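Worksheet: one structure, shown below.
Not measured: the values here are computed from a predicted model.
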Amino acid sequence: MSIDTTSHPFIHPTAIIDPTAQIDPSVSIGPYSIVGPQVTIDAGCVIGPHVVISRWTRIGARNRIFQFATIGEDCQDLKYQGEETWLEIGDDNVIRESCTIHRGTTQDEGLTKIGNHNLLMVNTHVAHDCVIGSHCVFANNVGIAGHVKIGDTVIVGGNSGIHQFCRLDSYSMVGGASLILKDVPAYVMVSGNPAKAHGMNFEGMRRRGWPSETITALKQAFKVVYRQGLTKEQAILELTRDILPKHPEVQLLIDSLIRSDRGITR
């Protein structure tokens, strides 16, 4: 496709754009990048050089994608046979060099989805059928396997791997070079290979301006789950009865325990 420089003045002439792609006129696309069929790119996005956006991908506004990233490619699941599946990326994300993000599979919802304001550092891999919230940070070389669910404001340290079907709930934090084999509840900090729980990200809470009363309540909640030798059901009962009535923030932790299928990282 030859680029109309009047309607798309910021697309480099060496870029290859499929005729079915829908690209806002304000989008910038660098040299030698490729945009495949049925791709939508909204206003204000900056696509660097040598980026491949494969097909069946919707990209929101004001995203920045750096060189050599591969977005919306066929997944690496051996069951995938070329079915139409999708990738959706929200707004204001930064996707750094050599990141790979794959579309979903029909064995799940057929959709990989990423929210808003996320930072994916160099060489992050997001596999098929992952659902990622907003305001997350994934450091260099993080590998996220298929069907993983990640909440909001989650931080994952570099060179960490997350096993398929795991959950990392909101405000959790993973230390560098960790292996996540079970679910990580909301607020909890884990690290190691395999990962173990080491408290909650209380310093992060303070930096966000959370009240001291809330932080104290979450410290008590952590002790209930991890230090009293209770079963999951017993911990949920105690949290609901003793802490939740005055501190609704504990509901996120309770929800993590209820929906955990793989068991929580301890």
Side-chain angles (χ1 to χ4, degrees), residues 41-47 57-66 69 71 87-97 99-102 111-127 129-145 147-162 166-176 178 180 183-191 195 197-211 214-215 218 221-222 247-256 259-260 265:
I41 306 177
D42 287 345
C45 288
V46 177
I47 312 299
T57 296
R58 304 183 187 98
I59 299 175
R62 298 176 304 279
N63 294 285
R64 186 172 183 189
I65 303 176
F66 283 71
I71 310 298
L87 166 66
E88 293 183 359
I89 297 175
D91 302 331
D92 300 295
N93 296 287
V94 176
I95 300 171
R96 293 300 306 242
E97 301 91 324
C99 287
T100 53
I101 308 175
H102 292 172
L111 176 67
T112 301
K113 188 171 184 178
I114 296 176
N116 308 316
H117 296 280
N118 297 293
L119 170 58
L120 282 65
M121 295 189 192
V122 172
N123 206 42
T124 295
H125 173 63
V126 179
D129 302 293
C130 289
V131 178
I132 296 173
S134 298
H135 300 282
C136 297
V137 176
F138 305 103
N140 298 345
N141 303 310
V142 167
I144 305 173
H147 311 281
V148 167
K149 304 296 187 290
I150 297 178
D152 298 327
T153 320
V154 174
I155 299 174
V156 181
N159 299 298
S160 294
I162 304 171
C166 282
R167 283 184 172 273
L168 279 65
D169 278 324
S170 295
Y171 302 104
S172 61
M173 183 174 182
V174 176
S178 296
I180 306 300
D183 298 335
V184 180
Y187 308 114
V188 174
M189 284 196 310
V190 303
S191 65
H198 296 283
M200 289 184 175
N201 187 14
F202 299 118
E203 182 58 34
M205 298 176 191
R206 294 186 188 97
R207 292 178 181 178
R208 296 186 192 99
W210 290 23
T214 298
I215 296 174
L218 290 172
F222 182 85
H247 301 281
E249 295 83 0
V250 175
Q251 186 65 56
L252 276 178
L253 179 59
I254 294 171
D255 292 341
S256 297
R259 64 183 169 224
S260 175
T265 302

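Here CG of Asp255 is found 12.0 Å from OG of Ser260. Values are rounded to the nearest 0.5 Å. In this structure, CD1 in Ile215 is found 8.0 Å from CH2 in Trp210, a value given to the nearest 0.5 Å. Atom OG in Ser172 sits 11.0 Å away from atom CE in Met189 (nearest 0.5 Å). Rounded to the nearest 0.5 Å, atoms CE (Met200) and CE (Met173) are 14.5 Å apart. Residue Asp91 holds its CG atom at 12.5 Å from CD1 of Ile114, rounded to the nearest 0.5 Å. The distance from atom SG of Cys136 to atom CD1 of Ile155, rounded to the nearest 0.5 Å, is 9.0 Å.
Of the possible polar contacts, one joining the Ser160 side chain to the Gly175 backbone as a donor-acceptor pair under 3.5 Å is found. Here the side chain of Asp183 pairs a donor or acceptor atom with the backbone of Arg167 at under 3.5 angstrom.
Scanning both residues, Thr124 and Met121, for their nearest heavy atoms gives OG1-O, 2.9 Å. When every heavy atom of Gly157 is checked against every heavy atom of Ala139, the shortest pair comes out as C-CB, 3.8 Å. Across every non-hydrogen atom of Ile59 and Cys45, the tightest pair is CG2-SG, 4.0 Å. Scanning both residues, Ser178 and Ser191, for their nearest heavy atoms gives OG-CA, 3.2 Å. The two atoms that bring Leu253 and Ala221 nearest to each other are CD2-CB, 3.8 Å, heavy atoms only. When all heavy atoms of His198 and Phe222 are compared, the pair lying nearest together is C-CZ, 4.4 Å.
In this structure the side chain of Ile71 reaches within 4.5 angstrom of the side chain of Ile65, judged on heavy atoms. Side-chain contact between Ser170 and Thr153 is absent, with no heavy atoms from C-beta onward closer than 4.5 Å. At least one side-chain heavy atom of Ile89 sits under 4.5 Å from a side-chain heavy atom of Ile95.
Checking Asn93 against Asn63 by side-chain atom types alone, a donor-acceptor pair falls below 3.5 Å.
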Is there a side chain to side chain contact (heavy atoms under 4.5 Å, CB included) between Asn201 and Tyr171? Walk through the geometry before answering. CA-CA 8 Å; Asn201 187 14; Tyr171 302 104; over 6 Å; no
Would you please test Leu87 and Ile101 for side chain to side chain contact (heavy atoms under 4.5 Å, CB included) and show each step? CA-CA 8 Å; Leu87 166 66; Ile101 308 175; 3.6 Å; yes
Run the side chain to side chain contact (heavy atoms under 4.5 Å, CB included) test on Asp42 and Arg58 for me, step by step, so that the C-alpha distance in whole Å, both residues' side-chain angles and the decisive distance to 0.1 Å come before the verdict. CA-CA 8 Å; Asp42 287 345; Arg58 304 183 187 98; over 6 Å; no
Determine, step by step, whether Met205 and Tyr187 satisfy the side chain to side chain contact (heavy atoms under 4.5 Å, CB included) criterion, reporting the C-alpha distance in whole Å, the side-chain angles of both residues, the deciding distance to 0.1 Å, and the verdict. CA-CA 9 Å; Met205 298 176 191; Tyr187 308 114; 3.8 Å; yes
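Asn123 pairs with exactly one of Thr100, Asn140, Asn141 by the side chain to side chain donor-acceptor pair (under 3.5 Å) rule, that one being Asn141. Of the options Leu168, Val137, Ile132, Val174, a side chain to side chain contact (heavy atoms under 4.5 Å, CB included) to Val154 is made by Leu168 and by none of the others.
Between His135 and His117, the angle of the ring planes stays under 30°, which puts this pair in the parallel group of the 30/60° scheme.
Heavy-atom contacts from other residues, nucleotides or ligands closer than 6.0 Å to CZ of Arg62 number more than 12.
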